[in-house]
Amino acid sequence: MAGKAMLKIEGLHVNYGAIQALKDVSLEVNEGEIVSIVGANGAGKSTLLNTIAGLVKPAKGSITFQGKPVPRASHQVVEAGIALVPEGRRIFGTLTVRENLLMGAYLRRDQKEIQADLEWVYQIFPRMKERLTQVASTLSGGEQQMLSISRGLMSRPKLLLLDEPSLGLAPVLVQEIFRQIRRVNHQGVTVLMVEQNANQALRLAARAYVMQTGRVVMSGTGREMLANPEVQDAYLGKRRRAAGA
Ligand code: ATP
């Protein structure tokens, strides 16, 4: 199902003052794929997504999307077809589910299209339709994450950037959110996802990159990464044991 490179990042460097958060990062996302980025705290994963989304300025390197440089301003990035679902959800707690969803459509013009997009989102997340008039802060954690993803989908992205979608969710909800990400992908949306839950993220991904202190240190198919002893040791909570140990 993977096609040509949709997103191509080459030699990306990002600094926060004296801190080098990304050092020479290169990676690709092909059309139709789910690509996961795993790595420990502070590896630079959020910085990478925020840089693609136009929220952080790179010091060096290039980011191209469908063959063109990704615009610098974040609203233009959305217009180009890339939506970021940030870490920690950042929904508008005092607004209803419906109002939150409409915030995600703020760049869209016509009411008919917005209505069609709402229907599309309800089809993927029926729970959102049931909760339209509920104030967002009263949703459960899992529902808030669904709302955050749904809001991202309201800009009709070709590429969805997901920052830690399973963070803070109970195990049963983690399973559900990953199932829903797969469903979003089956709707034709390419996904680049950052996750601390490496096990689930690698199972879901066609391909994956491992980041460590600002660099990509390993890459391969999700399956290869799951089977890799170093990945198992560092990120999957499995211990390598010497024979007979
Ligand atoms: P986590 O999983 O903990 O969110 P991460 O892999 O997403 O980690 P980033 O949040 O991208 O990592 O951070 C990469 C490095 O940049 C860290 O050392 C972090 O402290 C630093 N950093 C991130 N944001 C800023 C900022 N606004 N100002 C200064 N340093 C920052």
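Numbering of ligands and ligand atoms starts at 1, following listing order.
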Quiz item: Is any side-chain heavy atom of Gln200 closer than 4.5 Å to a side-chain heavy atom of Glu195?
Solution: no

Practice problem: Among all protein heavy atoms, pick the one closest to atom 23 (C) of ligand 1 and tell me residue, atom and distance. | Solution: Tyr16 CE1, 3.3 Å

Quiz item: Got a sec: does the NZ of Lys23 have more than 12 other heavy atoms crowding it under 6.0 Å?
Solution: yes

Quiz item: With a 4.0 Å cut-off on heavy atoms, does Glu164 reach ligand 1?
Solution: yes

Practice problem: May I have the step-by-step check of side chain to side chain contact (heavy atoms under 4.5 Å, CB included) for Ile181 and Met193, ending in yes or no? | Solution: CA-CA 10 Å; Ile181 293 167; Met193 175 171 74; 3.9 Å; yes

Practice problem: Enumerate the atoms of ligand 1 whose separation from the nearest heavy atom of Ala21 is less than 4.0 angstrom. | Solution: 16 (O)

Quiz prompt | Flag: protein heavy atom within less than 4.0 Å of atom 20 (O) of ligand 1 | solution = no

Exercise. Kindly indicate whether the side chain of Val217, heavy atoms from C-beta on, has any atom under 4.5 Å from the side chain of Tyr209.
Key: no

Quiz item: For atom 3 (O) of ligand 1, what is the nearest protein heavy atom, given as residue, atom name and distance?
Solution: Asn41 OD1, 3.0 Å

Quiz prompt | Member of Ile34, Leu161, Leu192 meeting the side chain to side chain contact (heavy atoms under 4.5 Å, CB included) criterion with Val29 | solution = Leu192

Quiz item: Identify the closest protein heavy atom to atom 13 (O) of ligand 1: which residue and atom is it, and at what distance?
Solution: Thr47 OG1, 3.8 Å

Self-check item: Whether over 12 other heavy atoms sit under 6.0 Å from Arg183 CZ
Solution: yes

Quiz item: Passes side-chain hydrogen bond (donor to acceptor under 3.5 Å, both in side chains), Ser46 versus Glu87? Steps please.
Solution: CA-CA 8 Å; Ser46 297; Glu87 187 176 332; 3.1 Å; yes

Quiz item: Does Ala43 reach ligand 1 with a nitrogen or oxygen that is under 3.5 Å from one of the ligand's nitrogen or oxygen atoms?
Solution: yes

Quiz prompt | Where ligand 1 meets Ala40 - atom numbers and elements under 4.0 angstrom, heavy-atom basis | solution = 6 (O)

Quiz item: Judged by non-hydrogen atoms, does Gly17 sit under 4.0 Å from ligand 1?
Solution: no

Quiz prompt | Those atoms of ligand 1 less than 4.0 Å from some heavy atom in Gln196 | solution = 2 (O)

Quiz prompt | Criterion salt bridge (Lys or Arg N to Asp or Glu O under 4.0 Å) on Glu176 and Arg127, from CA distance to verdict | solution = CA-CA 12 Å; Glu176 198 177 333; Arg127 185 83 57 91; 3.8 Å; yes

Quiz item: Identify the closest protein heavy atom to atom 10 (O) of ligand 1: which residue and atom is it, and at what distance?
Solution: Ser46 CB, 3.8 Å

Practice problem: Measure the distance from atom 15 (C) of ligand 1 to every protein heavy atom, then report the residue, atom name and distance (to 0.1 Å) of the closest one. | Solution: Gly42 O, 3.8 Å

Quiz item: Touching ligand 1 at all, Gly44? Heavy atoms, strictly under 4.0 Å?
Solution: yes

Self-check item: Protein contact of atom 4 (O) of ligand 1 - nearest heavy atom, named by residue and atom, plus distance
Solution: Glu87 OE1, 3.4 Å

Self-check item: Worked check of side-chain hydrogen bond (donor to acceptor under 3.5 Å, both in side chains) between Glu33 and Asn185
Solution: CA-CA 8 Å; Glu33 281 185 323; Asn185 179 246; over 6 Å; no

